[in-house]
Every structure is written in structure tokens, then in C-alpha cells.
Number of protein chains: 2
Amino acid sequence: MKKEKHDKIRKSLLESAEQLFARFGFEKTTMNDIANEARKGKSSLYYYFSSKEEIFKAVVTIEAERFKSIITETLENIDDTKEQIKQYFSIRMHRFQELSNLYAAMRNDYLRKLDFIEKIRKQYDREELEFIQNLLEKGVNRDEFEIKNITDTSFALASAIKGLEYPMVLHKDETNLDHRIDALLSILFYGIVKR
Amino acid sequence: MKKEKHDKIRKSLLESAEQLFARFGFEKTTMNDIANEARKGKSSLYYYFSSKEEIFKAVVTIEAERFKSIITETLENIDDTKEQIKQYFSIRMHRFQELSNLYAAMRNDYLRKLDFIEKIRKQYDREELEFIQNLLEKGVNRDEFEIKNITDTSFALASAIKGLEYPMVLHKDETNLDHRIDALLSILFYGIVKR
DNA sequence: ATTTGACTTTTTTACCGAAATGGTCGAAAA
DNA sequence: TTTTCGACCATTTCGGTAAAAAAGTCAAAT
């Protein structure tokens with residue numbers, strides 16, 4: 001079976017799509033645009049994907065998987081849970097920044113009734129919440145952390161990340177990003193009360 | 001001077017306006033609606049206010065002042081900075097919840113190009129950041145807190161609050177609100193690292 | 001197995017007059 | 001003098017519609 005070629009073209013289509021989605025958003029990008037960018041006829045897209053939505057989901061999924069594998073690879077070499085959280089935050093925010101165009105495109109369309117985009121967001125919010133919760137639980141089990149209510153704490157932490165994320169979409173202050181992450185982590189680990 | 005009556009009518013107009021803005025948002029509320037609600041002719045509104053925007057700003061200002069005075073009154077009887085922060089968070093979030101209709105209305109219109117609403121939001125974001133910063137500074141000066149970079153920490157904290165605020169607009173989980181505030185404050189004060 | 005042009009169906013756009021809306025002004029009421 | 005409002009204007013929104021553009025289908029060609 002010549003699956004290779006098939007996959008290669010599929011991949012090239014997704015790359016074209018990602019570029020365009022990041023630049024123009026979901027709505028403003030047409031199937032024709034994607035096809036042209038990939039030097040194919042529009043109809044060909046439907047040989048590889050069943051719909052525009054599916055293409056978009058595939059693009060997002062690819063980036064999500066890429067992110068997850070970066071995280072997994074990075075964290076598996078780290079023993080200290082605290083350090084894992086540090087790395088997670090740092091990679092997470094920088095990755096977000098790199099993809100901010102795509103995210104911004106999502107965000108714009110997303111408050112325009114595109115409920116399938118909202119579903120995608122919720123899906124990943126849930127996943128992130130779960131991931132954070134697992135990290136915290138592990139830290140507690142290893143006696144590194146001391147947390148009364150892990151569920152609420154995870155939620156607070158996930159919310160805090162999203163709060164940090166929001167202004168990044170608007171003005172891209174790359175300068176302060178690391179400082180802000182540090183500040184958040186410093187609070188998270190040690191709090192502000194003097195001892 | 002019979003300023004009393006003037007002020008009374010003005011107030012009644014603002015009450016009508018607030019009700020309607022909270023229900024329908026800025027755009028869907030017409031000057032006629034406000035006038036009818038207050039049993040006046042539309043033209044009369046312009047005797048008390050110069051424009052629709054001004055009415056909206058006045059409504060928001062009233063609520064903001066009300067909030068500030070609640071905060072001031074509550075905090076001035078508290079000596080402990082930590083306790084002040086607790087109270088601030090609690091009142092802040094509950095107040096937000098009470099006004100969530102108005103906020104939601106703002107939020108909807110706000111991503112619809114109403115840049116004057118965006119300005120209002122930014123204004124209050126700035127004020128909140130400043131307020132938080134002052135609280136932290138006071139805590140540090142009184143040797144209650146130990147914070148490396150107050151600016152970044154304030155920013156992180158303000159972001160965290162806004163992150164917590166966001167899901168409240170969507171689903172109104174009153175149940176978990178207090179727990180989540182507690183979780184956030186617990187992190188803020190003591191961190192999660194075991195000692 | 002892959003591509004595409006011709007085709008159908010659905011969605012968006014452009015445009016129009018009508019209605020609604022924000023805002024003004026001066027006369028009238030209080 | 002202070003307050004109210006009807007008549008009025010300018011601009012924006014709305015409803016409906018025809019044309020354009022887009023998504024999606026399919027069978028023939030490669």
C-alpha cells in the first residue's frame with residue numbers, strides 16, 4: 001500500500017490550512033484558499049477530509065499532540081514535581097505565544113457562534129485541568145506538596161493560567177512573560193506570607 | 001436651588017437604565033426603552049445626560065463607586081493585611097456575581113467593536129491592579145509578606161482573579177465560588193510546597 | 001488511488017427602501 | 001427658571017431579495 005504519499009499530501013494540506021487559519025481565522029479561510037495554497041483543486045480536499053471543520057480540528061489536534069509530546073518528553077526526565085510544574089508552565093505559555101495567531105483566530109471566531117470551536121476549547125480546558133490535577137496529586141503523594149483540596153486548587157491554578165494567557169493575545173509582551181510566569185510560580189510554591 | 005428633584009430624577013433614570021442594560025446589553029437597549037421605563041419622553045433624557053454612552057458610563061460608575069465604598073468601609077476596620085486581601089477577594093467576586101448580568105452584557109457588546117466599553121474595562125483593570133499592588137506593598141512594609149517583585153506578583157494576582165471571573169459569567173456556579181476563592185487564597189498566602 | 005471540472009446546495013454579500021434609533025431644538029408646561 | 005416633550009434631522013439598523021461565493025457531491029479521466 002502506498003500510504004506514504006497519501007499521508008504526505010494530507011500533511012501538506014494541513015500545513016497550508018494551518019498557515020491560513022492562523023492568518024485569517026476559520027471563517028475567512030476558504031476551501032479554495034487552502035487548495036490553492038497546496039496547489040490542488042478544491043475537490044481534492046474532500047478526498048482527504050470530509051469537511052472544513054474536520055480540517056480545522058485536524059490542525060488543532062496536530063498542534064495539541066505536538067504540545068503534549070513536548071511536555072511528555074520534557075517532564076519524563078524530571079523527578080522533582082515542582083520542577084515539572086515549572087517546566088509545564090513555561091512550555092505551555094511559550095507554546096501558546098508561538099501559536100497565538102491561531103489562538104487569536106480561534107478566539108475571534110469563537111465568540112461568533114461557532115460552537116464547534118467552543119467545544120474544542122472546552123475539551124482542552126478539561127484536559128489541562130486534569131493534567132494539572134495529576135501533577136498536584138503526584139506532588140502530594142510524594143510529600144512534596146501540602147494541599148487541602150486538590151480539586152479546587154487545580155481549578156484555581158488552571159484559571160490563573162488562563163488569566164495570564166488572556167492579555168498575551170492582545171499585546172504581545174514577550175519581555176515580561178518569563179517574569180510573570182516566575183511570579184505566578186513563586187506564589188504557587190511558597191505563597192507571600194513571611195515566615 | 002431645587003437640586004434635589006433634579007438628582008432624584010437623574011437617579012431614577014439611571015436605575016431604569018441599569019435594569020435594561022443588565023437585561024439586554026448596551027446595544028439592544030434604546031433610549032426610548034429607558035425613557036419609557038422611567039415614564040419620561042425620550043427627549044427628556046437629553047436634559048439629564050448628553051448621550052447614551054454617558055448614561056452607560058454613569059451606570060457603571062455608580063456601581064464602581066458603590067463597590068469601592070464597600071471595600072473601603074470593610075477594609076478600614078481590618079488591621080491584618082492578609083485578612084484585608086481575603087475580604088477584598090471575597091467581596092470582589094461576590095459583587096461580580098451579583099452584577100454578572102451587567103458584566104455579561106458588557107462582555108457581549110465589548111467584543112463587538114464597542115471600543116468605549118473596552119476603555120472602561122481597561123480603566124478598571126488598571127485600578128484593580130493598582131489596588132492589589134498597594135495591598136501587597138503594605139503587607140511587605142509591615143513585614144507580613146515577603147515578595148521579590150511586587151509588580152509582577154500583583155500582575156499575576158490580578159490575572160488570576162480575572163481567570164476565576166471568566167467561567168463565572170458562563171455558568172453561575174454559586175456553590176463552588178467560596179471554595180475556589182479559598183483555594184486561590186490558600187495558594188497565595190502559603191503556597192503548596194510542604195515544609 | 002488520485003485528481004478535477006462540472007454541478008448542486010447552502011451561505012454570504014450587496015443592495016435597496018423602510019423602519020428604528022440617537023440626537024437636536026424650540027415651544028410649551030410646570 | 002426649570003423641566004418636558006413633540007417635531008424634526010441624520011445616521012444606523014433591518015427585512016427582504018437577487019447575485020455572488022462558498023461548501024460540498026459526483027462521475028469521468030488520469
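Computed from heavy atoms alone, side chains included, the values below leave out hydrogens, waters and symmetry copies. Quick note on labels: first sequence line is chain A, next is B, and so on, each numbered from 1.
- The distance between atom CG of B:L20 and atom C1' of C:dT21, rounded to the nearest whole Å, is 15 Å.
- Look at A:S43 and you won't find any side-chain N or O under 4.0 angstrom from OP1 or OP2 of C:dT3.
- Following rounding to the nearest Å, B:M31 (CE) and D:dC8 (C1') show an atom-to-atom distance of 17 Å.
- Using a cut-off of 4.0 Å between Lys/Arg side-chain N and Asp/Glu carboxylate O, B:E165 and B:K162 are scored as not salt-bridged.
- Distance, B:R10 CZ to D:dT2 C1': 16 Å, rounded to whole Å.
- Taking all atoms of both residues into account, the shortest heavy-atom contact from A:Y124 to A:A64 is OH-CB, 3.3 Å.
- Closest of all the heavy-atom pairs between B:A17 and B:I55 is CB-CG2, 3.6 Å.
- What separates CG of B:N32 from P of C:dA20 is a distance of 11 Å, to the nearest Å.
- Across all strands, A:K40 comes closer than 4.0 Å only to sugar-phosphate atoms, never to a base (heavy-atom distances).
- Counting any heavy atom pair closer than 4.0 Å across all strands shown, B:T30 reaches sugar-phosphate atoms only and no base atom.
- Within the 4.0 angstrom heavy-atom criterion, only backbone atoms of the sugar-phosphate kind lie near B:I9; the bases stay farther away.
- The interatomic distance linking B:H6 (NE2) with D:dT1 (P) rounds to 16 Å, in whole Å.
- Using a 4.0 Å cut-off between a side-chain N of Lys or Arg and a carboxylate O of Asp or Glu, B:D182 and A:K148 do not qualify as a salt bridge.
- A sub-4.0 Å separation between OP1 or OP2 of C:dT2 and a side-chain N or O of A:Y47 is present.
- What separates CZ of B:F116 from P of C:dG22 is a distance of 12 Å, to the nearest Å.
- Salt-bridge formation is not detected for the pair A:K57/A:E54: no Lys NZ or Arg NE/NH1/NH2 atom is positioned less than 4.0 Å from an Asp or Glu carboxylate oxygen.
- One interatomic measurement links the two molecules: OH of B:Y46 to C1' of C:dG26, which rounds to 17 Å at whole-angstrom precision.
- Between B:L45 atom CG and C:dC25 atom P the separation is 17 Å, expressed in whole Å.
- Using a 4.0 Å heavy-atom distance criterion, A:F49 is classed as making no nucleic acid contact.
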